[in-house]
Amino acid sequence: MARIFSGIQPTGIAHLGNYLGAIRNWVALQEGNEGIYCLVDLHALTVWVDPAALRAQTRTNAALLIACGIDPARSILFNQSAVHAHARLAWIFNCVARFGWLNRMTQFKDKAGKDREAVSTGLFVYPNLMAADILAYHATEVPVGDDQSQHLELANDIAQKFNHDYGVEFFPTITPRIMSASARIMSLRDGSKKMSKSDPSDQSRINLTDNADAIAQKIRRAKTDAEPLPDSVEGLAHRPEAQNLVSIYAVLANQPLAEVLRTHEGKGFGPFKESLTELVESVIRPIAEATRQIEQDTGEIDRILRNGADRAAAIADPIVTEAEKIVGFLQP
Ligand code: AQP
């Protein structure tokens with residue numbers, strides 16, 4: 001039985017990319033594993049977020065995860081700031097990781113953009129906190145979208161450097177579990193950018209709480225090119241928007257790309273988008289309905305998160321206390 005850790009930022013409402021790249025794998029991995037799933041609100045603070053929105057989004061995403069099939073009785077579901085071990089270990093990792101390593105993180109470059117001087121230092125050290133999230137539990141399996149592979153490599157570098165510097169075999173090696181079929185879902189407005197909660201345009205993503213009208217409108221307006229759908233996978237090259245829509249269809253219909261193209265080749269995007277809308281709606285409708293139901297009882301959501309935090313702390317506190325002893329902190 002492997003211990004699995006993964007997290008999602010409550011920076012907005014989880015979207016189809018989060019679902020296909022991460023959440024549905026979390027649900028499947030509950031079977032036969034120990035799942036620890038976290039609303040990473042410390043990470044959310046690395047960019048400006050309104051406090052009331054952060055609280056509301058933390059609850060909504062908790063409800064969403066439960067609606068998607070995370071069972072809080074079986075798995076541990078909690079918000080990161082409620083377990084102090086994350087921040088304690090992250091500080092140690094801030095002192096283990098090298099500036100140059102973080103400077104090479106492509107997600108930092110993407111998120112900071114041209115205005116590096118103005119972003120928070122939290123955004124820069126984000127991968128150290130992510131390493132702490134996982135290693136505070138000695139978790140070995142991390143199901144994430146492929147956008148996170150570089151961060152996981154860095155987490156392994158940090159673990160190895162810690163072990164080497166202090167002459168211990170304390171932190172284990174992490175194995176990323178990346179599902180290639182659903183690796184990365186791109187923005188509906190720009191096929192070169194990933195679908196993201198923090199994209200200022202709501203039209204760029206399908207939220208897991210969107211209703212049928214919103215889904216239909218977003219897919220109708222999704223950017224495409226003027227060509228009809230090609231007859232082969234090679235024909236999708238250099239057509240990022242077409243590639244994205246066909247990939248979403250393929251993943252949701254559980255079909256290879258070639259089969260989707262066999263059915264839709266030569267058609268314009270109009271009819272294809274209608275079929276895609278039906279498929280997306282059929283997946284999102286039950287999730288959105290269940291979320292609305294669960295969300296009505298905020299007291300129950302808070303109780304679930306509190307209980308998850310207690311169970312998470314019971315695992316992480318002794319591990320992080322041991323790491324603190326290893327580095328020489330006096331524990332009077
Ligand atoms: N577009 C995506 N396609 C596939 N997987 C994705 N993930 C995120 N976007 C996509 C996966 O979802 C999990 C949770 O992500 P996160 O909330 O921790 O942060 P993120 O990767 O930065 O996601 P967003 O939506 O882009 O959030 P913001 O806008 O707040 O930064 C991760 O496993 C991620 O791989």
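Whatever order the structure lists them in is the order used to number ligands and atoms, beginning at 1.
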For [X], take its heavy atoms, then give the atoms of ligand 1 lying under 4.0 Å from any of them.
X      : answer
Met195 : 1 (N), 2 (C), 9 (N)
Lys194 : 1 (N), 8 (C), 9 (N), 20 (P), 21 (O), 22 (O), 23 (O), 24 (P), 26 (O)
Gly7   : 14 (C), 18 (O)
Gly21  : 4 (C), 5 (N)
Ala22  : 12 (O), 13 (C), 33 (O)
Arg184 : 3 (N), 4 (C)

Q) Of all residues at least two apart in sequence or in a different chain, which pass the side-chain hydrogen bond (donor to acceptor under 3.5 Å, both in side chains) check with Asp210? A) Asn207, Lys218
**Q.** Exercise: do Arg303 and Asn307 side chains pair donor with acceptor under 3.5 Å
**A.** no
Q | Between Thr106 and Gln150: side-chain donor-acceptor atoms closer than 3.5 Å | A | yes
Check each of [options] against [atom] and report the one with the nearest heavy atom.
atom                    : options               : value
atom 7 (N) of ligand 1  : Asn18, Ile248, Ile23  : Asn18
atom 2 (C) of ligand 1  : Ile185, Leu39, Leu152 : Ile185
atom 24 (P) of ligand 1 : Gln57, Lys197, Gln107 : Lys197

Heavy-atom pair with the smallest gap, counting every atom of [X] and [Y]:
X      : Y      : value
Phe269 : Ala242 : CZ-CB, 3.6 Å
Ile304 : Pro72  : CG2-CB, 3.5 Å
Asn61  : Ala14  : OD1-N, 2.9 Å

Compute the shortest N/O to N/O distance between [X] and ligand 1 and return yes if it is under 3.5 Å, no if not.
X      : value
Pro143 : no
Thr11  : yes
Gln9   : yes
Ser198 : yes
Met186 : no
Gln148 : yes

Is [X] near ligand 1, meaning one of its heavy atoms is under 4.0 Å from it?
X      : result
Ile8   : yes
Lys111 : yes
His43  : no

Q: In plain terms, say whether Glu227 and Arg239 are close enough for a salt bridge, that is, a side-chain N and a carboxylate O under 4.0 Å apart.
A: no
Q. Going by an N to O cut-off under 4.0 Å, is there a salt bridge joining Arg88 and Asp317?
A. yes
Q: Taking Lys111 for its side chain and Leu123 for its backbone only, find out whether a donor-acceptor pair lies under 3.5 Å.
A: no
Q) Would you find a donor on one side and an acceptor on the other, under 3.5 Å apart, between the side chain of Ser120 and the backbone of Thr46? A) yes
Q.
Quick check for you: to the nearest 0.5 Å, what is the distance between Leu135 atom CG and Ile92 atom CD1?
A. 11.5 Å
Q.
So, using ring-ring contact (aromatic ring centres under 6.0 Å, His included) as the criterion, who are the partners of His138 when residues are at least two apart?
A. Phe170, Phe171
**Q.** Structural part of Ser196 in contact with ligand 1, heavy atom criterion under 4.0 angstrom
**A.** both
